[in-house]
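Just so you know, these numbers come straight off a predicted model, no measurement behind them. No hydrogens, no waters, no symmetry mates; every other heavy atom, side chains included, goes into these values.
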Amino acid sequence: MPSRTDPSGRTDPRSRLSADCGSCFGLCCVALTFAKSADFALDKPAGEPCPNLSTDFRCSIHANLRTKGFQGCTVYDCFGAGQELSRRAGTSWRDQPGQAMFAALPVLRQLHELLWYLTEALEYDRNVQPAIDRVEAVSRTADLSTVDVAAERAVVNELLLAISKKVRGNQPKRKDRRGADLIGARLRDADLAKANLRGAYLIAADLREANLRQADLIGADLRDADVRGADLTGALFLTQSQVNAARGDESTKLPTALTRPSHW
């Protein structure tokens, strides 16, 4: 994936934490489990290559994943863990036992997710740098299966909570919707600027033209949420996978670090 730039022309430091499938040995297509459902057209156990994976590690149905029943593939984002593990290995799982790479993928993905959040937080507080350095060091652990991801996440979460509060300031109680059940909620044109929507269930919610500027969306479930025309400028801790899961269009305003999904 090409490096993205912010409005000032600087390369976004989170570019390396975005999936670059062209530099990966198709790890997510092998390491992960597929369960036949609305997201996947078939069952596939972990460690078995997806039948759509070509010999060059490209997806043979990439342009038609959704119409072929593989919507889950269009939502998934490895946060750059796939290409990093491929780089470290040097040779693919077809040329050497791949179990270590497969086991490492979900661990490194979670660590890179933390780095995604922390790198964004650094824009608001330079004191976050030591936390970034620590997670970076942990991500280089030779045997990633030994990493206590839950412990790392707990430490980072405290920092992110503080940053969120600093950026959003004091907000009315109606904007504290942390963990709220907003499945299918009618929120068109809603003023959710700087709202706390951490972990909120926004599945299939109508968020058309909603103002979500600087809203905290970490962990929010945006599957099938209608964000056409919504303003997500500066939304805190929003990820590519969340955006991929939602339904938007050309009028949806996204943070500069994120890419408009091709299926919108």
Side-chain angles (χ1 to χ4, degrees), residues 4 6-7 12 14 18-19 37-40 63-77 79 113 116-117 120-121 123-124 157 160-264:
R4 289 187 290 268
D6 64 19
D12 192 293
R14 284 174 287 177
S18 299
S37 61
D39 290 325
F40 297 102
N64 302 297
L65 281 167
R66 289 192 160 235
T67 58
K68 295 288 186 179
F70 288 86
Q71 177 174 310
C73 296
T74 67
V75 173
Y76 179 79
D77 179 38
F79 288 97
E113 181 183 4
W116 174 276
Y117 297 142
E120 179 179 344
E123 299 173 12
Y124 302 104
N157 189 53
L160 299 182
L161 281 167
I163 294 295
S164 176
K165 185 175 182 180
K166 175 181 178 180
V167 174
R168 294 184 303 104
N170 294 322
Q171 298 299 319
K173 189 174 181 180
R174 62 182 175 79
K175 287 195 175 184
D176 185 3
R177 308 308 302 273
R178 181 175 182 177
D181 182 352
L182 297 171
I183 297 174
R186 297 177 181 178
L187 296 168
R188 185 169 186 172
D189 293 315
D191 176 15
L192 296 169
K194 296 188 176 183
N196 183 358
L197 292 166
R198 294 171 67 93
Y201 296 94
L202 288 159
I203 302 168
D206 183 357
L207 290 164
R208 286 175 292 172
E209 286 88 39
N211 181 1
L212 290 154
R213 294 174 70 93
Q214 292 191 313
D216 187 339
L217 288 166
I218 193 167
D221 193 336
L222 292 170
R223 283 177 294 169
D224 291 322
D226 191 343
V227 295
R228 288 175 293 172
D231 189 350
L232 289 153
T233 306
L236 298 176
F237 313 128
L238 184 65
T239 67
Q240 189 66 52
S241 57
Q242 287 173 297
V243 170
N244 291 348
R247 293 185 292 120
D249 61 11
E250 289 300 318
S251 65
T252 305
K253 296 179 181 179
L254 294 172
T256 57
L258 301 176
T259 300
R260 194 175 306 277
S262 60
H263 56 270
W264 278 16

Rounded to the nearest 0.5 Å, the CG atom of Leu258 sits from the OG1 atom of Thr252 at a distance of 12.0 Å
Got a second to check how far Asn244's CG is from Cys73's SG, nearest 0.5 Å?
11.5 Å
Quick check against the 3.5 Å criterion: does Gln242 have a side-chain atom that pairs as donor or acceptor with the backbone of Leu217?
yes
When you look at Tyr117 and Thr239, which way does the side-chain contact (heavy atoms from CB on, under 4.5 Å) test go after all the steps?
CA-CA 9 Å; Tyr117 297 142; Thr239 67; 3.7 Å; yes
Worked verdict on Ser37 versus Asp39 for side chain to side chain donor-acceptor pair (under 3.5 Å):
CA-CA 5 Å; Ser37 61; Asp39 290 325; 4.6 Å; no
Say you draw a straight line from OG of Ser262 to CZ of Arg66; how long is it, rounded to the nearest 0.5 Å?
8.5 Å
Are Pro255 and Leu238 close enough that some pair of their side-chain heavy atoms sits under 4.5 Å apart?
yes
Say whether, by atom type as modelled, one donor and one acceptor occur between the side chain of Gln240 and the main chain of Ser18 under 3.5 angstrom.
no
Please report the closest heavy-atom contact between Trp264 and Ala246, naming both atoms and the distance.
NE1-O, 3.1 Å
Please report the C-alpha distance between Arg177 and Leu182 in whole Å, then the side-chain angles of each, then the deciding distance to 0.1 Å, and finally whether the side-chain contact (heavy atoms from CB on, under 4.5 Å) criterion is met.
CA-CA 9 Å; Arg177 308 308 302 273; Leu182 297 171; 3.4 Å; yes
Is there a donor-acceptor pair closer than 3.5 Å between any side-chain N or O of Asn157 and the backbone N or O of Leu160?
no
Between the main-chain N or O of Ala235 and the side-chain N or O of Gln214, is there a donor-acceptor pair closer than 3.5 Å?
no
Checking Asn196 side chain against Arg198 main chain: does a donor-acceptor pair fall under 3.5 Å?
yes
Quick check against the 3.5 Å criterion: does Arg247 have a side-chain atom that pairs as donor or acceptor with the backbone of Val227?
no
Donor-acceptor contact below 3.5 Å, side chain Asn211 vs main chain Arg213
yes
Less than 4.5 Å apart, any side-chain heavy atom of Asp216 and any of Arg168?
yes
Could you give me the CA-CA distance, side-chain angles and deciding distance for Leu254 and Val243, then say whether side-chain contact (heavy atoms from CB on, under 4.5 Å) is met?
CA-CA 9 Å; Leu254 294 172; Val243 170; 4.1 Å; yes
Spacing of CG belonging to Leu236 relative to CD belonging to Glu120, to within rounding of 0.5 Å:
6.0 Å
Other residues, nucleotides and ligands only: do more than 12 of their heavy atoms fall within 6.0 Å of CZ on Arg186?
no
Go through Leu192 and Leu212 one step at a time and tell me if the side-chain contact (heavy atoms from CB on, under 4.5 Å) criterion holds.
CA-CA 5 Å; Leu192 296 169; Leu212 290 154; 3.7 Å; yes
Any donor and acceptor pair, going by atom type alone, linking the side chain of Lys175 with main-chain N or O of Ala193 inside 3.5 Å?
yes
As an exercise, state the distance from NZ of Lys253 to CG of Leu232, rounded to the nearest 0.5 Å.
10.5 Å
Working to the nearest 0.5 angstrom, can you tell me the gap between Ser251 OG and Arg208 CZ?
11.0 Å
When you look at Thr74 and Gln71, which way does the side chain to side chain donor-acceptor pair (under 3.5 Å) test go after all the steps?
CA-CA 5 Å; Thr74 67; Gln71 177 174 310; over 6 Å; no
Ignoring hydrogens and geometry, is there a side-chain-to-backbone donor-acceptor pair from Trp116 to Phe237 under 3.5 Å?
no
Quick check: do Leu207 and Arg188 have side-chain heavy atoms less than 4.5 Å from each other?
no
Would you say Asn170's side chain and Pro172's backbone share a donor-acceptor pair under 3.5 angstrom?
no
